[in-house]
Amino acid sequence: MPFELKATINLPKTAFPMKANLPQNEPKMLERWEQTGIYERIREARKGAPRYILHDGPPYTSGPIHLGTAMNKCLKDFIVKSKTMAGFDAPYVPGWDCHGLPIEIKVDKELGGKKLQMRPLDVRAECRKYAQKFLDLQRTQFKRIGVFGRFDRPYATMTPQYESVVLSTFFAFYEKGFVYKGLRAVYWCMHDETALAEAEVEYENHTSPTIWVKYALLDDPAAIDATLAGKKVSTIIYTTTPWTLPASMAVAFHPDEEYVALESGGEVYIVASKLAADVAAKCNLTDPRPLAHFPGRKMERLNFQHPFLDRTILGVLADYVTMDTGTGVVHTAPSHGAEDFITGMKYGLDATSNVDEKGILRNGLPEYNGQYVFKANPLIVELLRKRGALLHSDKLEHSYPHCWRCHNPVIFRATEQWFISMETPMPGGAGESDTLRTRTLEEIKNVKWDPAWGEERLSNMIQTRPDWCISRQRVWGVPIAVFLCEGCGKPLNDPVVNKKVVELFAKSGADAWFTPESDTILPAGTKCPHCGDARFEKETDIFDVWLESGASYLALMDDEPDYPWPSDLYLEGGDQYRGWFQSSLLCAMGTHATPPYKGVVTPGWTLDEKGQALSKSRGNDVDPVDISNRLGGEVVRLWVASVDFREDVVGSEALMLRVAENYRKIRNTFRYILGNVGDFSPQRDAVPFDQMEALDQYMLRQTCGFAADVRNAYEEFAFHKIYHRLNHFCIVDLSAFYFDVLKDRLYISAPKSQARRSAQTAVWRIGEALVRLLAPIMSFTCEEIWPYLPTVAARTQSVHLAQFPLTAEILGDAAIPTTDSKSDEEWVSLRAVRDEVLKALEEARNNKLIGTSLEAQVAITASDPVYSLLQRHAGELRYLFIVSAVTLAQGSGNGTGGVHVEVKKADGAKCERCWNYSTHVGEDKTYPTVCERCSAVLKELESQA
RNA sequence: GCAGGAUUAGCUCGAAGGUCGAGCCCGCGGUCGAUAACCGCGAGGCGUUGGUUCGAUUCCAACAUCCUGCACCA
């Protein structure tokens with residue numbers, strides 16, 4: 001009985017669904033991974049393999065994740081998974097940064113006025129709850145996008161273990177002499193009597209007096225310019241804060257700007273040239289005559305007279321002096337300005353504040369002493385007028401910092417803070433000049449910065465950064481657990497006591513510092529080594545959160561002692577050059593004298609389609625969790641892989657949709673593979689490489705090239721190259737070329753024929769290679785595909801336990817070379833001819849000569865070497881071009897590449913089975929609608945039936 | 001203002017001192033045996049201004065725009 005023809009076609013068949021349903025299926029996959037303990041199983045599988053440590057930078061636990069955080073975690077996941085599949089033991093311990101002001105502020109707002117009556121311990125408990133809530137949320141969200149890691153035991157900066165390491169890191173600095181207590185100008189709210197962080201300052205309008213004040217030069221003016229010899233010379237400063245004049249220690253000039261000496265009314269005034277006219281007008285300098293011009297640097301270290309105090313004022317230089325308002329000369333009070341303070345440090349000026357915590361001026365002249373700063377303003381103006389130092393006064397409405405809570409204007413005030421000195425000589429180092437700063441700069445050179453500009457950027461920052469102020473007057477953080485002498489105020493630094501406090505923290509957490517438990521730490525009889533006093537109190541400041549997160553790898557190693565020092569890689573956004581990269585580096589320098597990382601990678605920022613930074617307030621943010629729920633976490637991952645993360649990247653709904661389209665293409669490529677190997681058993685059916693069809697051999701070599709490119713790209717974290725190479729490979733090489741050509745052979749040949757088995761062998765090996773090469777990025781889909789591929793012995797249960805394919809696995813035999821340049825070049829030529837044929841077919845199609853290409857036969861005219869090449873492949877050309885017949889002629893084809901293609905209607909009739917046209921249709925008596933090729937296949941099938 | 005980075009097709013990218021190129025998108029068509037698929041053809045571009053060079057989108061310099069961090073007016 002004859003076969004029904006349609007039933008003899010080997011159409012693809014697979015249970016692997018075309019439609020992914022990612023939002024529904026991914027959570028099921030996550031559950032399976034959770035149940036099987038995929039992360040732990042990977043650890044077991046890689047036990048003893050070379051370690052690769054990507055150390056996670058802790059995100060802040062004050063909200064849900066956004067696209068930037070998602071990208072960050074996906075990139076880390078790509079790296080960890082690709083290292084794992086390259087054979088490394090690459091553990092990943094995610095971390096969270098839990099302390100700090102933003103949470104405290106939010107909790108403040110929730111608590112309202114209640115906070116003022118609460119004990120620090122209770123406020124801390126509220127903050128902890130808040131941080132834990134978002135830690136849990138973010139953990140769920142990171143898992144949702146397919147990130148693998150030690151999520152059940154992450155590191156968190158608020159755990160007792162971590163807090164104890166923060167403290168021991170500080171003590172390492174402290175005991176080695178890096179730490180000092182000193183003054184620093186900070187924002188201060190006189191109403192609330194507290195220091196404020198930048199984030200707690202809001203700018204509002206405020207009316208200030210403006211005054212122009214004369215500072216007389218004490219030194220010989222000839223030193224500036226010979227023409228000034230013997231003259232009475234002064235400079236003029238401008239300020240909006242007269243109350244800071246009692247703290248005036250210096251006058252600052254810009255080193256490179258030009259200044260002018262103006263003579264008027266028998267006196268000489270030095271001001272910036274650019275502002276001279278303005279100053280002369282405001283100060284009523286009649287008939288000003290320029291005597292000399294000179295750069296500001298001439299004024300350095302000259303001495304001036306304070307306008308009303310018995311104090312010598314130093315001429316200093318500062319780059320921040322500007323030429324748009326004032327006089328180009330800036331009165332400098334180190335205790336009352338951030339920049340003034342830095343300049344003061346540089347020139348060794350006194351920064352003692354004579355303004356108390358309530359804003360009252362102390363230790364001053366009777367005219368203003370004991371007055372509140374803003375009340376003192378007019379009094380000081382009057383004093384200046386009396387002393388003949390006031391040249392002009394006015395009022396100015398300008399934006400001025402105010403307290404975010406009470407909305408009163410704030411001031412800068414020098415207060416005592418803890419510092420790590422950048423100028424500390426390194427212990428065991430080469431001497432005084434071998435400091436924390438210089439050694440750090442040296443060590444930066446030993447790190448691999450990616451992109452390379454990171455080295456310069458961080459070096460510039462370390463070069464110019466001030467000493468590290470590590471103290472904060474806050475509640476939610478790790479306390480600087482040091483005992484202070486009640487007699488002289490000096491901090492105790494006893495390694496034995498220090499160790500006991502660290503142990504206390506490890507046991508009971510940093511909260512212990514706020515409980516009586518910590519009072520018992522100090523051994524009885526402890527005396528202050530400075531004054532002998534036996535009474536101590538506990539420091540109430542907490543650490544800068546950057547010191548905390550900077551200690552993260554130290555904390556991780558405390559937990560996992562066999563992790564290597566240093567780690568292999570840190571990966572965070574460019575904002576961390578100021579933050580974590582820097583604080584981690586300094587913490588490592590203080591404890592190990594080497595950096596904590598071998599390499600640092602910096603992704604760019606996430607922007608919208610207009611190049612604006614993504615933010616909730618702008619309303620242009622893209623929520624990765626929302627994308628996961630609607631399009632799939634895999635789409636988020638693929639998007640991350642699609643962009644060059646070293647630059648700023650664009651994220652948008654439209655891009656996600658586009659990536660989702662691409663996903664479907666890749667998925668369909670896999671589906672075709674799976675559909676065509678359904679009846680293929682590698683052990684039984686695989687064809688050895690040397691017996692495969694030339695096209696199949698060629699495609700396996702192409703796959704080797706693809707695999708090599710992909711592995712190289714993983715090596716250099718160039719995921720976007722993988723994404724684009726993958727698309728190209730799937731679309732151009734596989735779908736449009738190989739798989740299209742292969743349909744005839746796979747569908748039409750006898751199922752067990754060598755020709756079909758050869759194709760199946762290649763398709764199967766390609767699938768095996770692809771699924772493993774892509775698993776680090778397409779973690780969900782590759783895991784889904786894994787069990788659908790033909791079973792082979794010794795196969796891991798999860799694709800994530802497998803390793804990248806070796807070329808031997810792709811070709812089936814290690815002895816086969818992965819390239820055959822002669823043959824591969826021939827295939828390049830054949831594909832070029834194919835392109836010409838397709839163009840000619842399209843033309844014929846447009847002329848209504850043919851519809852499907854099988855209705856055509858083509859005649860190709862070519863000259864050598866192409867002609868001989870085609871001649872050698874004459875038998876397979878019709879399949880390569882998917883036409884019914886090909887004839888060759890030698891001659892000078894005048895088409896592209898010396899090839900001319902002519903398309904004609906195919907001879908004969910359409911074979912009902914294979915749709916090719918043949919003049920032999922009708923010859924088979926049993927199957928009169930079939931061509932000679934199908935006739936043979938059907939005979940074979942019948943003999944087997 | 002300082003430091004660092006970016007600018008190539010509508011989008012995402014690649015390459016290179018010598019007519020730039022890929023995929024997607026878009027337009028047109030084919031197919032109906034990968035079918036919520038598949039195949040073909042086509043259209044479309046190097047931020048601005050100078051310089052080096054036989055030749056510059058590429059190297060150099062300015063400018064513009066955007067991003068990140070720092071500083072921010074005494």
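Below, chains carry the letters A, B, ... as their sequence lines are ordered, and counting in each starts from 1. Just so we're clear, the structure is a prediction, and the values are computed from it rather than from any experiment.
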Nucleotide nearest [X] (side chain, heavy atoms from C-beta), chosen from [options]:
| X | options | value |
| --- | --- | --- |
| A:K839 | B:rA34, B:rG30, B:rG42 | B:rG42 |
| A:W915 | B:rG69, B:rA74, B:rC32 | B:rC32 |
| A:D644 | B:rC13, B:rC41, B:rA74 | B:rC13 |
| A:E661 | B:rA74, B:rC13, B:rC25 | B:rC25 |
| A:V643 | B:rG30, B:rG33, B:rC13 | B:rC13 |
| A:E339 | B:rG69, B:rA71, B:rA34 | B:rA71 |
| A:I731 | B:rA34, B:rG23, B:rC67 | B:rG23 |
| A:N662 | B:rG69, B:rG23, B:rC39 | B:rG23 |
| A:K721 | B:rG14, B:rA74, B:rC72 | B:rG14 |
| A:L838 | B:rC41, B:rG30, B:rG4 | B:rC41 |

For [X], report the nucleic acid contact type (base, sugar-phosphate, nothing); a contact means any heavy atom under 4.0 Å.
| X | value |
| --- | --- |
| A:R465 | nothing |
| A:S853 | nothing |
| A:V659 | nothing |
| A:I850 | nothing |
| A:R457 | base |
| A:G326 | nothing |
| A:T325 | base |
| A:K743 | base |
| A:L726 | nothing |
| A:N460 | sugar-phosphate |
| A:Y577 | nothing |
| A:T240 | sugar-phosphate |
| A:H728 | sugar-phosphate |
| A:V329 | nothing |

With P as the reference atom in both, quote the distance from B:rU57 to B:rU8 in angstrom, rounded to an integer. 15 Å

At less than 4.0 Å, is any side-chain N or O atom of [X] found next to OP1 or OP2 of [N]? Yes or no.
| X | N | result |
| --- | --- | --- |
| A:H720 | B:rG14 | yes |
| A:R845 | B:rC39 | no |
| A:K665 | B:rC38 | yes |
| A:Y747 | B:rA34 | yes |

Is the base of B:rC70 touched by the side chain of A:R578 through a donor-acceptor pair closer than 3.5 angstrom? no

Is there, by distance only and without an angle test, a donor paired with an acceptor across the side chain of A:T244 and the base of B:rA74 below 3.5 Å? no

RNA chain B: A:T241 or A:V650, which has the more 5' nearest nucleotide? A:V650

For A:F706, is the NZ or CZ atom of A:R725 found under 6.0 angstrom from the centre of its six-membered ring and inside 45 degrees of the ring axis? no

If we call it a pair only when both distances are under 3.5 Å in a Watson-Crick or G-U wobble match, what pairs with [N]?
| N | result |
| --- | --- |
| B:rC59 | B:rG51 |
| B:rG40 | B:rC28 |
| B:rA71 | none |
| B:rG23 | B:rC11 |
| B:rC66 | B:rG5 |
| B:rG33 | none |

Report the distance from atom CZ of A:R671 to atom C1' of B:rG33, rounded to the nearest whole Å. 13 Å

Nearest heavy-atom neighbours spanning A:D679 and A:P751: OD2-CB, 4.3 Å

Can you give me the closest heavy-atom contact between A:M656 and A:V635, atom names plus distance? O-CG1, 3.5 Å

Which one of A:F670, A:W764, A:F16 satisfies the ring-ring contact (aromatic ring centres under 6.0 Å, His included) criterion with A:Y788? A:F16

Verify, without hydrogens or angle tests, whether A:R756 (side chain) and A:S749 (backbone) share a donor-acceptor contact under 3.5 angstrom. no

Strictly distance-based, threshold 3.5 Å: is any side-chain N or O of A:H331 a donor or acceptor partner for the main-chain N or O of A:V251? no

Ring centres under 6.0 angstrom apart (A:Y259, A:F253): yes

Are A:R646 and A:D450 close enough, and set up right, to give a salt bridge (charged side-chain N to carboxylate O under 4.0 Å, His left out), and what steps lead you there? CA-CA 8 Å; A:R646 286 171 177 81; A:D450 179 8; 2.7 Å; yes

